[in-house]
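Quantities reported herein were computed from a predicted structural model and do not represent experimental measurements. Here, residue 1 is the first one in the sequence, and each next residue gets the next number. We count ligands from 1, going down the list as the structure has it; atoms in each ligand are counted the same way.
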Amino acid sequence: MQSNPMQAQDITAVRGAFLDFTGDPFRCNERDSVRYVKDGLLVLKGGKVEAFGDYGTIAPQYQGISITEYPEKLIIPGFLDIHVHYPQTEIIAAYGEQLLTWLERYTFPTEAKFHDEDYARQIATIFLDELLRNGTTTALVLTTIFPQSVEVLFEEADRRNMRMIAGQVWMDRNAPDFLTNTAINSYQQSREQIERWHNRGRQLYAITPRFAITSTDHELQLAGKLKAEFPDVYVHTHLSENAQEIAYTAELFPDTQDYLEVYEKYGLVGDRSIFAHGLHLSESEFQRLSQAGATIAFCPTSNLFLGSGLFKLHRAKSIDSPVKVGLASDVGGGTSFSMLHTMSDAYKITQLQRQNLSSFKAFYLATLGAADSLSLSDKLGNFDLGKEADFTVLDLHATPLMTLRNGTVPAASLDVLEAQLFGTMILGDDRTIAATYVAGKPLYQNPSLLGEV
Ligand code: GUN
Ligand code: ZN
């Protein structure tokens, strides 16, 4: 293609070393799933990928456009965090409890504050900034029972043009009065929100019953009805996280054979259903999730912090009946917004089960794998042409120790790259994020690196 002055105005590009995935490393030879372009050019137009490949091949076709260069960095697709509670941002790192007491003592009182719209907006802003500081460009987000807490999150995400999936939390029992809603209100308010926000700009909606314990049969039935009325919205909830939670659920729903059946009964298990945790699932539950095409959000820092258990990643990603998996922070049960920290704890959880998690698999689970788990891999997750241009620039030399560990960047081979990525997921954090781009625009630049680019 010949460039002309009109095009030159709307087209920009980024030059550097690029890594993304074009397949699932759990299902093929890992190396075949990786695309590494050591000196690449990503051409951006209208917030999307216009061209991508070797600098030497692509650049001559786009002469005269403005190119931002990132030497000695690694550019990857933006991270996706597929389960996170924005109202819990401020109670991250709350001491000493396991799930049910932690909810009562810390979480519910904090979520009550989101009745106040100004307060909700203040935290939504901090939350979105924190995602960007950590290289995360899309998240599946829980709010609270208050419609205003949903509204401000969508407004702020829309203002930044970030692709978010969110929904109002439904709770009509087993929570303090100040944090319950009626089932019919939740239904009507969510319905209005779907009509206002689902597919508006980059926003998407998730029907979000908190978990089986805090919803009556009637409420779950209405959630199923709403899903049937709007089949392309998401369902987002928690499943099989903690032993006490599972026992209490069995008491509340005596007619169901297991936890998953509670959701199945109401039509809430399908290929746009995302279940956080899934730590204590039976083989039958894994198989039914697989058949339904449903997703488990693997939340390693939370599972360790709340002492909930060890996720069986190897079972979920088995060849015979695989379940879709994406990585998630689960802040505030989780202890970090960093998907690098999340990968690090994921690795340790596999190690405790005498399994493993390669760096390529870990980065896949936070990029293309996560996009696939949200049925968004046609839009996000790698640098394929036409995809939305959300990406993150990594500084693999963010600390002296990382410089020592990682050596020369960009890596000369896939072997070296794999080792560098492993060093980065174990040692990295928000300092590793040099810049975060959303729809082709730099929304975050690491202040300690300003002047370098
Ligand atoms: N189960 C129900 N609510 C929650 C929550 O807020 N955090 C976690 N980790 N699990 C839950
Ligand atoms: Zn959660």
Problem - Nitrogen or oxygen atoms of Thr107 and ligand 1 under 3.5 Å apart - result: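 Between Thr107 and ligand 1, no N or O pair is found under 3.5 Å apart.
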Practice task
Look only at interatomic distance and state if Trp102 has a nitrogen or oxygen under 3.5 Å from any nitrogen or oxygen of ligand 1.
Solution key: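 No: no nitrogen or oxygen of Trp102 is under 3.5 Å from one in ligand 1.
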Problem - Within-shell test, His277 vs ligand 1, heavy atom, strictly < 4.0 Å - result: yes
Hey, is there an N, O or S on [X] sitting under 2.8 Å from the Zn ion (ligand 2)?
X	result
His238	yes
Cys299	no
Asp330	yes

Handout entry: Aromatic contact, Tyr86 with Phe114 (centres under 6.0 Å)
Key =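 Between Phe114 and Tyr86, which both carry aromatic rings, the centre distance is below 6.0 Å.
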Handout entry: Sub-6.0 Å ring centroid separation between His85 and His83
Key = yes
Under 4.0 Å from ligand 1, counting heavy atoms only, is it the side chain of [X], its backbone, both or neither?
X	value
Asp330	side chain
Thr214	neither
Leu103	side chain
Phe108	neither

Problem - Option whose closest heavy atom lies nearest to atom 6 (O) of ligand 1, chosen from Met171, Glu241, Arg210, Glu111 - result: Arg210
Problem - NZ/NE/NH1/NH2 to OD/OE distance under 4.0 Å, Asp20 and Lys387 - result: no
Handout entry: Salt bridge Asp384-Arg35, side-chain N to carboxylate O under 4.0 Å
Key = yes
For [X] and [Y], which I'm curious about, is there any donor-acceptor pair between the side chains at under 3.5 Å?
X	Y	answer
Ser338	Asp429	no
Thr136	Asn134	no
Tyr205	Ser190	yes

Completion exercise
For Leu99, the ligand 1 atoms with a heavy-atom partner under 4.0 Å come out as 8 (C), 10 (N), 11 (C)
Handout entry: Contact atoms of ligand 1, heavy-atom distance to His85 under 4.0 Å
Key = 5 (C), 6 (O), 7 (N)
Exercise for the section: For the pair Phe311 and Phe286, name the ring-plane relationship: parallel under 30°, tilted 30 to 60°, perpendicular over 60°. Expected result: tilted
Practice task
Please check if the side chain of Asn242 supplies one atom and the backbone of Glu245 the other of a donor-acceptor pair under 3.5 Å.
Solution key: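 Checked: pair present.
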Problem - Opening angle between NE2 in His85 and NE2 in His83, taken at the Zn ion (ligand 2), to 10 degrees - result: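 So the angle at the metal works out to 110°.
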